[in-house]
Each structure stands twice: as C-alpha cells, then as structure tokens.
There are 2 protein chains.
Amino acid sequence: MTTIYEVSKLAGVSLATVSRVMNNNTNVSDATRKKVTIAMKELGYRPNSIAQSLASNCSNSVGLLVSEIHGPFYGPMMGSIESTFRAQAKHVIIAAGHSDVEHEQQAIEFLINRNCDGLILHVEALSDEYLIELSKGKTPFVLLNRYIPEIAHHCIILDNVKGGYLAAKHMLEQGHINIAYISGPQWKKDAQDRLNGHKQALAEHNIPFNEQLLYHGDFMEDSGAEGFKYLHNNTQFSALICANDEMATGAIACARESALVLPEQLSVMGFDNVFFTRHIYPPLTTINYPINDMGKMAANWILSEVYKKTTPPIQTVFEPELVVRQSVLVNAQ
Amino acid sequence: MTTIYEVSKLAGVSLATVSRVMNNNTNVSDATRKKVTIAMKELGYRPNSIAQSLASNCSNSVGLLVSEIHGPFYGPMMGSIESTFRAQAKHVIIAAGHSDVEHEQQAIEFLINRNCDGLILHVEALSDEYLIELSKGKTPFVLLNRYIPEIAHHCIILDNVKGGYLAAKHMLEQGHINIAYISGPQWKKDAQDRLNGHKQALAEHNIPFNEQLLYHGDFMEDSGAEGFKYLHNNTQFSALICANDEMATGAIACARESALVLPEQLSVMGFDNVFFTRHIYPPLTTINYPINDMGKMAANWILSEVYKKTTPPIQTVFEPELVVRQSVLVNAQ
DNA sequence: ACATAAAATGTAAGCGCTTACATTTATAGC
DNA sequence: GCTATAAATGTAAGCGCTTACATTTTATGT
C-alpha cells in the first residue's frame, strides 16, 4: 500500500503538503499541487480512510438504524439516504433494530462505537427518555417518524393525524357511513395519530365514533386478517380503513376468502403507499407516505448539522397525500 | 473520550495489558484481567474502533454492493447478511451499483478505499475481466448470483437452468402446449440460463421451441407488459412464463386490461418468489430463489475466508424450487 | 533596494490503539 | 535453594494520516 510518505518523496515535498492537496487546502501553489497530483497518479495512491479518520477525528460514516432491512417501507428510504451520502463520499453503515428495545439499544451502541459521525434512527421501541438522554451525548442523530417535543429539532415526521383524516374523509365523501377501522398498536404514536385523524374526520361529518367498528392491530399483515374476521363477525360496515398497507393486504385477502366482492361489497383503504399496493387486487387506495423525501431530508440534516455542508432548508414535517386507486367504491349509497 | 491509557492508569497496569484483555489474549492472569475489567467499567470505556483498525490493519467492516437498495429482491438478502455480521461485531457498509458499469466500479473503489476487509458483490454490468483482475487485489470478495469459471471459488449462485426447467416442466405437466416466454436481457448470464432451462424442458417433452413465442424483456415490470402485448398481438398461447416476478406482474396487469380471465384464459408463472408475489391476483406460481440463504452463505464465506472463523461448510450452488399458487390453470386441455 | 506582510512549505507531535521484543515474576525439576 | 522454563507484564515503535506552529519564499509598497 502506497502511503502519503512515498507520494511526498516522489513529488519532492513534505507530508504536510501532500495532505494539503488531498484536503483541498487553499495554501498550495498550483505548481506543487500539480507535482503532487502527478505523483499520486503515478503511484496509484489511495488515501487510507482509517488513518484519516483517526487523525481528523471524523469517520465520514453515518449509521442508519431501521426496524427491518427488508420490508417495503425501509428499502426506498435506505436507497435515498445512501445515494445522498455517497454523493458526498460519506458511507452508511446499516443496522436493524427489529422494533425491540434490546436490539435497538445494542444497535445504537454498536453504531456509536463504530465512530459514526452521525446517526439516522428509525426506532420504535426505545423510550423518549432514552433518546433525550442520547441527545446529550456527542453523536448527533436525527429521528425519522417520531416526534419528541424536548428534541423537536431532531425529528422528521409525517403529519399522521392529517393522513388519518384524509383517509376517512375520502371514504365519507364516497358516501360511506359505516367505516370500520383497524388501527396500529396504540403504544406507537403514529398509530394513535392516524386514529385521531380518523375520528376527527368522522366528527366533522357528524358521525359518532363507534367502538364496535374498531379493532386494534399491530401493523402486521396477519392482524389485518384477524381484524377483518373479528369485525365481520360482530358488526356491519361497507368500508374498512387500515392504519397501514400491510394490514389492508391481510384484510383484503381474508375478505376475498369470505367471498366478498371488492370494492362493491367492501371498500378498503390502506396507509403508506408501499410500492406493492398497486399490484394487489384491487389496486389499493391509500395515503402516500413520502418516505423517500423524508429519508433524503434526514440525510441532509446530517450533512448540515454534522458536516456543516450547505443543504436545501430542512423541512421537519411532511404532508401525506391521498392516492386513489380502485379499492374504494365510488359514490356508495 | 476515555482511552486505553486512562484505563491502564486506573488499573495500575500497562497499555499492553489493557489491550490484551480487550483482545482476549490468553496470557493475562485472572487477577489483572479482573482489575482491568473493573477499571473499564468504572470509566465507561469504549474502545475506539478506528484506532483499533489502524493499528491492527483490519477494519472489521465488510462492503455490500447491490444493484438497488430498495427492490423486493435485495431487502431480504441485505437483512440476512447484516444479521449474520452483526452477531460477529462486523459492520456492513452498503452501496448501490444501479446495474451500471460506472456506478458499480465507483462503488467498489469506494468500498475498497473505505478499508473494507471483504466485499459481497451483486454486480451485473461489470465485465468478467474486471472481476478476475479485482480478485488479484488485496480485498477478498464473494460474488452473488454470478458464475465466473476462473474464480469459481468466489461465486455463490442459483442453478438458473434448473429453475427455468422447473417452470416449463410445471406448465407442461398441467397440459400446456403453447407456452410463451418473456426472457431477461440476454447479456445477463442468469437470463440466458433460465431460458436454456426452459428450452430443455420443452425438448424433453418433444415440443419444438417456437421463436414466435419468445419476447426479450429486461427484467423490469414494464417490459413484462410490453412483452405480453407483443405476444398477444402476434400469436396464440395458453401459458406465459416470465423470467422474473416483476415482469410477470406487469404482464398480468396488462392481461387483465385485455379482459383476459386468469388463470382460466391465461396461466402465468414468474421467477424469484419475491415476497409480494403472494399478494398479487391471482397469487403467482413461481420459482423460489433462496436469496436469504444465499446471502447468509456469502456472509459466512467472508467470515471464513477473511476473518478465519469456523463456519458451516460453504455451499456455492443453490437449488431453485417450484412454488405453486393460483396463477396456473391445472390440467389445461 | 529594502522592510513588511502574506503565501507557501516544512517540522514534528499527536490520534488511540496493537504487537514484537524485552523484562520481570511464577512454576517446576532436581 | 538453585537453575531452566514458562507465564505474565512492560516498553516502545509504529499504523498513515492531520494540523499547530515554525520557517522559508514570494509579493507589495515605498
């Protein structure tokens, strides 16, 4: 491995000068810069990033913690984050938290021990307290899809209340009155928010919220199926809104097994606009979660806060949008 | 940041001894090991992995290059790789190659410059020559889904010929005679292999291969739709096999637009068994690609070759399997 | 031409570890 | 008790860079 030392010898300058041309330091004359560049090329010199990190106390790496590395939701997010960083020669180290306190905490420590300069966290199980405490540490981080007032500046979120509202409103506008709802786990803030938005839309239309029409799921496909069964056996409804696409998928599969024709006999909506929603049958009407943009914004947050780069202004709250496909019967009644 | 130096002072031993207990070196008495451990705990000491890497010339990081970070195919693979490595305290740095020579080459250089100890590569555009040349360098790598005889030992692959064969055989056994085929791009070895397996099955059943029934796609959804249109307008067939699930999805959507009833009027098969295939309608019969297992095996390859860990024996060729769902009409004719 | 400031370059001390080698201490054999 | 050997510990030289500070060179004004 060729080192900076060999380059300096070939170019006939000192170590410091070579280092300066590498780091685009201004105080180097064009002549020496050229000499050094040529020497580098000739030797096929590649800086040792580890040594650079140690000396400069900056690893140029950022940690990315998501719940699951597979899964339709995280892929696009990771993709936009990676491309944003690589354009700046930063590398991203991935880790999975599996929505579990132990795992998430371990992963964060792992990433910090790895000298990540900054962290992008999509955590679900960790407590607010832990994260507030973490914010006092030396490794800056940005939180995706989670709002903690004490560290609001670190949070990039979707307006989930509005999303829930938009979904219900759409159903109501199509003439649906009896709208069942399969929620996410209520210990998750986003699940709460979506449900609240839902209730808000009902209230606006003077429709009392009926507990009978509510089933608490866990955001997983199976709970969508279970929720449908439960609701179908216990009450009547022409429409079903699920707090995410996964559950909507499960519910739809189950509804079809019950010989219901969609959307004629049952209208269904999801939430997230995960990429496969347009492939299921009928193509799912849902709420778009601009996860790509949010991932990119998180990356920009790090670029700006940690690496002091100039970036587009940081936006912390993103807006959901209705995506109309064919799983909702138009003009019911 | 507490350093090894402070630990050594508190414990009343030398730097070297502290380093030895960290690295589980045998030649440390239980008494001193305990002293050091206590000192570490007391100071909340965390080794600086960058310094460790520089001194030991081992970064404990492995680079993972995939074509696309999003995408149903890569997610599960990345997940199994990450979990395998994290269990061994190695970190994984991700990069995307976008099936493009420039990008792939850049990404590899990026990863090598980052001092990755080893690489897991899923590359499509790079030439065999480049990879053979790369194998002479100092960074070991394993190739996923690609076979190059000269460096066979680096390759972990699926038996694509057999996969293509299995798909065609299944269709034939259900009584289909006129089987259309939408292939992948023929400059890709796996696409060629799948098509060859297909032809092989036809030959075994004494059915001549009909060029009219072949359309060359590019593995993307849209080309599945285009392929279907082209074939539908030019010839007759009761079954369609696509070289991957993406294209099958596109073809199915398009077939439905043409008012065909599936599978009664058209049987369709895909390839890969990407997770959403069971959600589309009708649920897709396909060929399973054990990408999870293969990812884990690639990780084990690195663990074994690079880090000299003992692992389960390395398997380089994996077997595809038929996954029967409902997109193929049983007993046609 | 000369003093002075600014620009370019060099010197050397780290960054926090690992590890070869040297030294000290414990263990065993007689 | 004394030597030979093994085990435990210490010493110090790097790993390949960055950067504060010192020094030299060049540019500027008079």
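Every chain is numbered from 1 and lettered A, B, ... according to where its sequence line falls, protein lines coming before strand lines. As the structure is a prediction and not an experimental result, all values here were calculated from the model.
- Summarising the local packing, NZ of B/Lys90 is surrounded by more than 12 heavy atoms from other residues, nucleotides or ligands at distances under 6.0 Å.
- The side chain to side chain contact (heavy atoms under 4.5 Å, CB included) search around A/Phe318 returns A/Ile156, A/Leu158, A/Pro290, A/Asp293, A/Met294, A/Met297, A/Gln315, not counting sequence neighbours.
- In plain terms, the two heavy atoms of A/Ala96 and A/Ala107 that are nearest each other are O-CB, 4.2 Å.
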message: Walk along nucleotides 16-25 of chain D from 5' to 3' and tag each nucleotide B, S or - by protein heavy-atom contact under 4.0 Å, base first, then sugar-phosphate.
response: BBBBB-----

- request: Start with the C-alpha distance between A/Asn145 and A/Tyr289, add both sets of side-chain angles, then the distance that settles side chain to side chain donor-acceptor pair (under 3.5 Å), and finish with yes or no.
  value: CA-CA 10 Å; A/Asn145 193 33; A/Tyr289 193 128; 2.7 Å; yes

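- Phosphate proximity of D/dA8 to B/Thr32: absent, as no side-chain N or O sits under 4.0 Å from OP1 or OP2.
- Straight-line distance from the CD atom of A/Glu6 to the C1' atom of D/dC15: 14 Å, rounded to whole Å.
- Near DNA chain C, defined here as any heavy-atom distance below 4.0 Å, there are no residues from residues 36-44 of chain B.
- Within the structure, salt bridge (Lys or Arg N to Asp or Glu O under 4.0 Å) contacts touching residues 63-76 of chain B (residues at least two apart or in different chains) do not occur.
- Applying the side-chain hydrogen bond (donor to acceptor under 3.5 Å, both in side chains) test to residues at least two apart or on different chains, the pairs with a partner in residues 30-47 of chain A are A/Ser29-A/Thr32.
- In this structure, a donor-acceptor pair under 3.5 Å is present between the side chains of A/Asn115 and B/Ser49.
- Listed by chain and number, the residues in a side chain to side chain contact (heavy atoms under 4.5 Å, CB included) with A/Asn292 are A/Pro76, A/Ser80 (sequence neighbours excluded).
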